[in-house]
Each structure stands twice: as C-alpha cells, then as structure tokens.
*Asks:* 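Have a look at the structure that comes next, please.
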Amino acid sequence: MKGLKLTLTVFSLLALVSCSETHFKEDKIFAGGVYAPAKSLNDGKSLYTEYCMPCHGVNGDGKGVAAKGLTVPPRNFKLGQFKFGRVVSGELPHDEDFYEILKKGLHGTAMLPWDLSQQQMHDVVQYIKTFAPEKWEGADKKLGDVIVAGKDPYGEAHKESAIQRGKEVFHVVAQCWTCHRAYVSHAEFSQIAQKINGAPVTEFDPDMYHVKLQPSDYGVATMPPDFTYDSVRSATTVEELYVRLNSGVGGTAMASWKGVLQDDEIWAVAHYVKSLMDMKRTPARAKLLESIKN
C-alpha cells in the first residue's frame, strides 16, 4: 500500500509539472524595450491556451475552432497588425492599448471583457507578440507616439456648434460618407457644399446613403459602421472618438486623420459622430432617416 501511495504521489507531481508551460527557455525584449522573462512568456502561453486559443487559434492565426461561427473574424496575430491602438495606424501600439481591449472587449464582436490581473495581462500580451517576431522582437523596434485627447475646444457649452461643424466636415471636407454613409438630405448636402466650396452640388452619388464594404489587410472586407445603427468597436465617448479619428484603424481603409484635418475639425467630427451614435434605437433615428428622404 505504501508503494502505491508513493507511486500516485510521483505521478501527481509529474502531472503538475507537465501543466506548467516550459516552451520558452530564454527571455525576450520587445519593441519599446519591453522586457519579458521566459517565465512570463510561458505563463502567457498558458493563459492564451485557456482563454484565447478557441477563437484566435493555437498558432495565433485567427483560425480557432470557434472562429467559423463568428461574424467578425478573430484577429490574426501573426500579421503583427493591430486595429485599435492609440498610435497612428501602422505604428506599433503600447501594451496599455492591449490592456484596454482585454479589460473592455470590443463592442459588436465576440471579444468580451476579461477579468485578468495586471500581471496576467502583461504575460498574455507578451506571448501574443511572439506570433509576429519580425514586428515585435528586438530592442531596436520602436513604438508609436501615444495620441492623447487634450482639451476639447468646444466642450459641453458649445456642443451644438461642434455637431454642426462636424456635420459639415463629415460630409464635405473629409467626405466620410464615401465609406460610411450620408446623414443629410441632398438639399442640405448642397447647402454645406455651397458654404465650404462656394458652389452647390447638383449631381449626387446614388450610393451615398449606403455603407460600403472596404478592403483590409486581414484578408476579409470590413464594413464601416452606420453610426446610428452599428456598434463602434473601440469608442463610446467623444474623447475616444477623437483618438480614433487621429489614429485611424490599423489595416483598414480608415486612415489616420492626424495632420490631414485641423485639430478642432477632428473634435467637431467626434462630437457629430457621437450625436449619431446616441440616436441608436431611439425615435430620433427614425426621424432623421425620414427627414433625409429625397
């Protein structure tokens, strides 16, 4: 009997040891000088296997067993491409950007908020970087400059003027409707064009009230949101929309507007888009859509 107990104890210890990841033997340094000990990478691999692998796949390519049932495909980490950083799209985001997604999830997708400790988030994020070593590994790799929302030049006191200016920028200056859709009638569009460009519009794109599929670097077309109907994945506030407009959405047709539009114009569009988002599931949306019938 004593021998049997000893044997079971040994097998139990071996089982515990085998549950601990030992894939990584060496430490790594990632972009921005982020140091990841081998233990952190192995712990991150365990967390990834438990929480992330069903959707993102064992190889991080977004082809997990659950991926086929998802309308929005899980991210392919092997591309080293990220949509929602607080940096200009195409630049490498900071760990805090990943943490925000882990803590808040992404609206309208299967990416839900995760209740992870700070250390767990650190570990799993470092492990995810190992799927794209050419992008992440090496002390010489640089992170993008963080985009911070400064003081809103409009504020609550001038919210209505911000929304009106944002409407003008959205439709005529930046022509956001060419990907998203228009939210003004032909007559109002022409009035805005007269004000901005000094000439009215007499011919209109027949698709101006339709959202258009856009190509992306992810191998699938992406559908820009109709702000009065769809969820905006990574923004719910005016400040978050301001950051998203400045940074763009990595790997998609939504480019950074930083340096293209004036800062107050970006704030104005953020206010306008937020006003459209606030119409979701309200009578105001039906009223708006009725008012822009031509």
Side-chain angles (χ1 to χ4, degrees), residues 28-36 40-41 44-45 47-48 51-52 55-57 60-62 72-114 116-150 216-220 222 224-225 231-237 239-260 266 270:
K28 291 182 182 292
I29 296 180
F30 294 115
V34 177
Y35 174 67
S40 179
L41 295 169
K45 187 172 188 295
L47 289 164
Y48 179 90
Y51 298 122
C52 315
C55 292
H56 292 282
D61 55 5
V72 180
R75 193 80 75 251
N76 178 356
F77 296 128
K78 295 178 74 68
L79 298 176
Q81 181 78 275
F82 297 92
K83 286 185 173 179
F84 304 118
R86 291 172 302 154
V87 298
V88 170
S89 59
E91 298 180 346
L92 289 176
H94 295 247
D95 286 358
E96 288 74 15
D97 297 332
F98 294 103
Y99 298 166
E100 281 297 294
I101 295 174
L102 287 169
K103 286 188 285 189
K104 297 180 179 179
L106 290 172
H107 307 299
T109 77
M111 180 62 192
L112 302 174
W114 290 96
L116 300 177
S117 69
Q118 193 73 13
Q119 184 63 51
Q120 287 175 316
M121 290 195 294
H122 172 83
D123 294 344
V124 75
V125 166
Q126 306 320 311
Y127 175 65
I128 287 171
K129 293 175 183 176
T130 67
F131 289 124
E134 72 288 353
K135 288 283 186 76
W136 283 105
E137 290 189 22
D140 60 322
K141 301 289 196 313
K142 304 295 184 186
L143 301 175
D145 293 331
V146 175
I147 296 170
V148 178
S216 78
D217 294 343
Y218 301 99
V220 296
T222 59
S231 298
V232 176
R233 301 274 160 76
S234 65
T236 57
T237 68
E239 288 76 17
E240 289 172 341
L241 288 165
Y242 169 86
V243 171
R244 187 58 47 226
L245 285 161
N246 271 287
S247 61
V249 179
T252 76
M254 177 63 189
S256 164
W257 288 97
K258 184 178 176 64
V260 181
I266 294 178

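Computation of the quantities below employed the complete heavy-atom set of this structure, encompassing side-chain atoms and omitting hydrogens, waters and symmetry-equivalent molecules.
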*Asks:* Between S234 and R244, do the side chains contain an N or O donor and an N or O acceptor separated by less than 3.5 Å?
*Replies:*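 Per modelled atom types, S234 and R244 side chains form a pair under 3.5 Å.
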*Asks:* Could you tabulate the donor-acceptor pairs under 3.5 Å formed by side-chain atoms of residues 78-90, not counting sequence neighbours?
*Replies:*
residue: Q81; atom: NE2; partner: D217; partner atom: OD2; Å: 3.1
residue: R86; atom: NE; partner: D97; partner atom: OD1; Å: 2.5
residue: R86; atom: NH2; partner: D97; partner atom: OD1; Å: 3.3
residue: S89; atom: OG; partner: S247; partner atom: O; Å: 3.4

*Asks:* Of all heavy-atom pairs between S231 and P225, which one has the smallest distance, and what is that distance?
*Replies:*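 Heavy atoms of S231 and P225 come nearest at O-CB, 4.1 Å.
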*Asks:* Just verifying a value: how many Å separate M111 CE and H56 NE2, rounded to the nearest 0.5 Å?
*Replies:*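 With rounding to 0.5 Å, CE (M111) is 5.5 Å from NE2 (H56).
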*Asks:* State the CZ-CE distance between F98 and M121, to the nearest 0.5 angstrom.
*Replies:*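 The distance works out to 12.5 Å.
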*Asks:* Looking at CD1 of I128 and CZ of R75, how far apart are the two atoms once the value is rounded to the nearest 0.5 Å?
*Replies:*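 One gets 10.5 Å once the value is rounded to the nearest 0.5 Å.
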*Asks:* Any idea which heavy atoms bring W114 and L112 closest together, and the distance?
*Replies:*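 Smallest interatomic distance, heavy atoms only, reads CD1-O, 3.1 Å.
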*Asks:* Might you point out which heavy atoms bring I266 and W257 nearest each other, and give the distance in Å?
*Replies:*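 Answer, listing the atom of I266 first, then W257: CD1-O, 3.6 Å.
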*Asks:* Taking G144's backbone N and O only, do any of them form a donor-acceptor pair with H94's side chain (distance below 3.5 Å, no angle check)?
*Replies:*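 It does hold such a pair.
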*Asks:* Of V124, L47, L102, which is the lone residue that meets side-chain contact (heavy atoms from CB on, under 4.5 Å) with C52?
*Replies:*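 Between C52 and the candidates, side-chain contact (heavy atoms from CB on, under 4.5 Å) is satisfied uniquely by V124.
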*Asks:* If you count the non-hydrogen atoms of other residues, nucleotides and ligands that lie under 6.0 Å from OH in Y51, is the total more than 12?
*Replies:*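 Not more than 12 within 6.0 Å, no.
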*Asks:* Please walk me through it: do R233 and V72 pass side-chain contact (heavy atoms from CB on, under 4.5 Å)?
*Replies:* CA-CA 11 Å; R233 301 274 160 76; V72 180; 3.5 Å; yes
*Asks:* Which value, rounded to the nearest 0.5 Å, describes the distance between Y48 atom OH and F77 atom CZ?
*Replies:*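 Interatomic distance, Y48 OH to F77 CZ, rounded to 0.5 Å: 5.5 Å.
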*Asks:* Going by heavy atoms in the side chains, are M254 and P224 under 4.5 Å from each other?
*Replies:*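 Of all side-chain heavy-atom pairs linking P224 with M254, none is under 4.5 Å.
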*Asks:* Considering all heavy atoms of both residues, which atom of T236 and which atom of E240 are nearest to each other, and what is their separation?
*Replies:*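 For T236 versus E240, the nearest heavy atoms are N-OE1, 2.7 Å.
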*Asks:* Measuring from Q126:CD to I29:CD1, what's the distance to the nearest 0.5 Å?
*Replies:*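 Nearest 0.5 Å value for the CD-CD1 distance: 11.5 Å.
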*Asks:* With heavy-atom distances below 4.5 Å as the criterion, would you say the side chains of T252 and Y218 are in contact?
*Replies:*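 Counting from C-beta outward, T252 and Y218 do come under 4.5 Å.
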*Asks:* If you count the non-hydrogen atoms of other residues, nucleotides and ligands that lie under 6.0 Å from NZ in K135, is the total more than 12?
*Replies:*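 Buried by this count: over 12 neighbours within 6.0 Å.
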*Asks:* Just do the side-chain contact (heavy atoms from CB on, under 4.5 Å) check on F30 and T130 with the steps written out, would you?
*Replies:* CA-CA 9 Å; F30 294 115; T130 67; 3.9 Å; yes
*Asks:* Do you know which two heavy atoms are closest between S117 and Q120, and how far apart they sit?
*Replies:*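 Closest approach of S117 to Q120, heavy atoms only: N-OE1, 2.9 Å.
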*Asks:* If you compare all heavy atoms of L241 against all heavy atoms of A270, which two are closest, and at what distance to 0.1 Å?
*Replies:*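 Residues L241 and A270, closest heavy atoms: CD1-O, 3.5 Å.
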*Asks:* Checking side-chain contact (heavy atoms from CB on, under 4.5 Å) for the pair K28/W136: CA distance, chi angles, key distance, verdict?
*Replies:* CA-CA 10 Å; K28 291 182 182 292; W136 283 105; over 6 Å; no
*Asks:* If you measure from OH on Y242 to CG on L245, what distance do you get to the nearest 0.5 Å?
*Replies:*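 Reported to 0.5 Å precision, the distance equals 9.5 Å.
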*Asks:* Verify, without hydrogens or angle tests, whether K45 (side chain) and L41 (backbone) share a donor-acceptor contact under 3.5 angstrom.
*Replies:*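 Here the side-chain-to-backbone pair does not exist.
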*Asks:* Which residue pairs pass the salt bridge (charged side-chain N to carboxylate O under 4.0 Å, His left out) test when at least one of the two sits in residues 116-129, sequence neighbours left out?
*Replies:*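 Listed by first then second residue: D95-K129.
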